[in-house]
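Each chain gets a letter, A, B and so on, in the order the sequences are listed, and its residues count up from 1.
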2 protein chains.
Amino acid sequence: MPEARLDLLASVLPLAKALRRIEDEAAAGHDLTMWQYAVLQVVAAGPGRNQAEVAARLDYSRNRIVADLDALEERGLLVRRAGADRRANELVITDDGTATMGAVQAAIHRAEDALLAPLSSQDRKALHRLLPKLAASARSSRPPPKAD
Amino acid sequence: MPEARLDLLASVLPLAKALRRIEDEAAAGHDLTMWQYAVLQVVAAGPGRNQAEVAARLDYSRNRIVADLDALEERGLLVRRAGADRRANELVITDDGTATMGAVQAAIHRAEDALLAPLSSQDRKALHRLLPKLAASARSSRPPPKAD
DNA sequence: TATTGTTATACTCTATAACTATA
DNA sequence: TATAGTTATAGAGTATAACAATA
């Protein structure tokens with residue numbers, strides 16, 4: 001008989017938990033939460049986006065991002081800039097923010113490398129190629145976001 | 001310069017969410033929660049285990065499993081059997097439980113196949129081989145479980 | 001009328017503690 | 001003294017609703 005097939009979630013959930021812990025600890029090392037670090041990343045990659053856009057890119061909520069932005073702005077890691085549309089805030093990362101974000105990311109990548117250490121170099125390359133592909137498929141299967 | 005390296009969580013989190021939704025919906029189709037289905041799976045794979053052992057295998061909690069077992073037992077999908085150690089309950093799945101579990105699992109595998117459809121057959125095989133490996137590494141990096 | 005940012009509220013999930021009965 | 005099961009409580013995380021300002 002065929003070998004029992006494992007639900008993918010049985011593998012992906014422990015993996016997601018481990019990666020979540022890696023990001024939590026790396027961010028906490030710089031007095032950030034995982035979400036605050038994620039916001040810094042998105043703003044660094046595309047300066048000038050407004051709060052709703054950043055939240056949407058993270059599959060986060062435009063409500064909860066407010067407090068995170070308050071904290072980041074107070075620490076001088078990014079700024080809310082007034083733009084043409086005076087309802088929206090253009091988000092821009094500061095030099096301090098870029099430096100902090102880079103330090104957290106470096107710590108994350110080191111921990112990820114340790115997690116992938118048991119795999120062969122080929123397998124690691126395959127994962128770094130396949131996971132983003134799968135994520136794209138997962139995102140396209142996502143239900144339409146609700147009102148908020 | 002080297003291509004920007006994506007945090008693994010940026011790929012794994014959307015994937016985990018999609019898989020979680022797949023399991024939630026498949027289980028709900030048989031009036032189960034995802035955790036109730038997971039419990040059925042573990043009990044089916046190893047009959048006679050007690051509640052704490054099953055919870056530990058799922059990285060679940062021995063507290064929350066109680067209500068799930070109440071529901072499963074009331075529906076006749078498994079039974080709590082008395083064993084030698086009269087503190088512990090030996091868990092055994094029933095025929096009905098096996099059938100229900102199999103139906104949910106079949107639905108999950110169909111939905112997983114749809115999610116993996118954009119990938120080549122080779123890539124799919126690579127994933128089914130690599131993800132369990134990675135999960136093992138993730139589990140071994142897990143912090144020691146606390147009191148409860 | 002719709003959208004952005006914001007705040008407040010409610011709900012779900014999870015973590016922690018404590019009790020009992022057995023060992 | 002420690003463990004299995006159970007229950008109750010508190011907390012974190014998330015979802016939903018409503019509002020003012022602007023388009």
Side-chain angles (χ1 to χ4, degrees), chain A residues 9 13-14 16-17 20-21 23-25 27-28 32-39 43 48-74 78-92 142-148, chain B residues 9 13-14 16-17 20-21 23-24 27-28 32-39 42-43 48-74 78-92 142-148:
Chain A
L9 190 62
L13 202 55
K17 283 182 183 177
R20 173 66 194 253
R21 192 161 64 89
E23 298 223 352
D24 279 340
E25 290 177 0
L32 292 174
T33 67
M34 184 262 271
W35 284 116
Q36 288 168 2
Y37 159 70
V39 167
V43 174
R49 284 200 259 259
N50 68 29
Q51 302 184 189
E53 287 166 347
V54 171
R57 290 218 167 219
L58 293 168
D59 196 18
Y60 197 41
S61 116
R62 75 188 174 103
N63 308 320
R64 285 183 287 152
I65 206 177
V66 174
D68 295 320
L69 291 169
D70 289 347
L72 292 170
E73 200 170 22
E74 188 178 12
L78 60 73
V79 293
R80 287 170 163 115
R81 195 174 60 185
D85 184 339
R86 281 184 324 199
R87 291 174 302 183
N89 297 325
E90 293 181 1
L91 300 177
V92 187
R142 204 157 54 182
K146 316 194 173 138
D148 258 28
Chain B
L9 190 62
L13 202 55
K17 283 183 183 178
R20 173 65 195 252
R21 192 161 64 88
E23 299 224 350
D24 280 339
L32 292 174
T33 66
M34 182 264 270
W35 283 117
Q36 288 166 4
Y37 158 71
V39 167
V42 171
V43 174
R49 283 200 259 260
N50 68 28
Q51 303 185 188
E53 286 166 348
V54 171
R57 290 218 166 217
L58 293 168
D59 195 19
Y60 196 41
S61 116
R62 75 189 176 105
N63 308 320
R64 286 182 286 152
I65 204 175
V66 174
D68 295 321
L69 291 170
D70 290 346
L72 291 171
E73 199 170 23
E74 187 178 13
L78 61 71
V79 294
R80 288 169 161 114
R81 195 174 58 185
D85 184 339
R86 281 185 324 201
R87 291 173 302 181
N89 297 325
E90 294 181 0
L91 300 177
V92 186
R142 203 155 56 182
K146 314 186 177 144
D148 260 26

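Here B:Leu69 pairs with B:Val39, B:Gln51, B:Ile65, B:Leu78, B:Arg80, B:Leu91 under the side chain to side chain contact (heavy atoms under 4.5 Å, CB included) rule; sequence neighbours left out. Here B:Arg57 pairs with nothing under the side-chain hydrogen bond (donor to acceptor under 3.5 Å, both in side chains) rule; sequence neighbours left out. With sequence neighbours excluded, the residues satisfying side chain to side chain contact (heavy atoms under 4.5 Å, CB included) with B:Asp85 are B:Arg87. Residues that satisfy the salt bridge (Lys or Arg N to Asp or Glu O under 4.0 Å) test with A:Arg86, not counting sequence neighbours, are absent from this structure. Not counting sequence neighbours, the partners of B:Glu53 by the side chain to side chain contact (heavy atoms under 4.5 Å, CB included) test are B:Arg49, B:Asn50. In this view, B:Asp68 and B:Thr33, B:Trp35, B:Gln36, B:Tyr60 satisfy the side chain to side chain contact (heavy atoms under 4.5 Å, CB included) rule, not counting sequence neighbours. In terms of the side-chain hydrogen bond (donor to acceptor under 3.5 Å, both in side chains) criterion, B:Arg64 has no residue partners (sequence neighbours excluded).
Summarising the geometry, the separation between CZ on A:Arg62 and C1' on D:dT16 is reported as 11 Å, rounded to the nearest angstrom. Computed from coordinates, the A:Glu90 CD to C:dT4 P distance equals 13 Å when rounded to whole Å. Here C:dT14 presents its C1' atom at 14 Å from CG of A:Leu13, a figure rounded to the nearest Å. One interatomic measurement links the two molecules: CG of A:Asn50 to P of C:dA2, which rounds to 19 Å at whole-angstrom precision. In this structure, the CG atom of A:Leu91 is 12 Å from the C1' atom of C:dT4, given to the nearest Å. Here D:dT14 presents its C1' atom at 13 Å from CZ of B:Arg20, a figure rounded to the nearest Å. A straight line from NZ of A:Lys17 to C1' of C:dC13 spans 12 Å, rounded to a whole angstrom. In this structure, CG of B:Asp24 is placed 12 Å from P of D:dA15, rounded to the nearest angstrom.
Contacts between residues 67-74 of chain A and DNA chain C, counted as heavy-atom distances below 4.0 Å, involve no residue at all.
Nearest-nucleotide positions on DNA chain C place A:Ala52 closer to the 5' end than the other of B:Tyr60 and A:Ala52.
In the set D:dG5, C:dG5, D:dA15, the nucleotide with an atom closest to the side chain of A:Arg64 is D:dA15. Nearest to the side chain of B:Arg80, among C:dT7, D:dT6, C:dA15, sits D:dT6.
Between atom CG of residue A:Leu13 and atom CD of residue B:Glu23 there is a gap of 9.0 Å, rounded to the nearest 0.5 Å. For the atom pair B:Met34 CE and A:Leu9 CG, the distance stands at 5.5 Å (nearest 0.5 Å).
Contact annotation: B:Trp35 does not reach the phosphate of C:dT12 (side-chain N/O to OP1 or OP2, under 4.0 Å).
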Every protein N/O lying under 3.5 Å from an N/O of nucleotides 20-23 of chain C:
{"residue": "C:dA23", "atom": "OP1", "partner": "B:Arg86", "partner atom": "N", "Å": "3.1"}

Restricting both atoms to N or O, compile the protein contacts to nucleotides 8-10 of chain D shorter than 3.5 Å, with distance only.
none

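Residues B:Ala16 and A:Ala16 approach most closely at CB-CB, 4.1 Å, considering heavy atoms.
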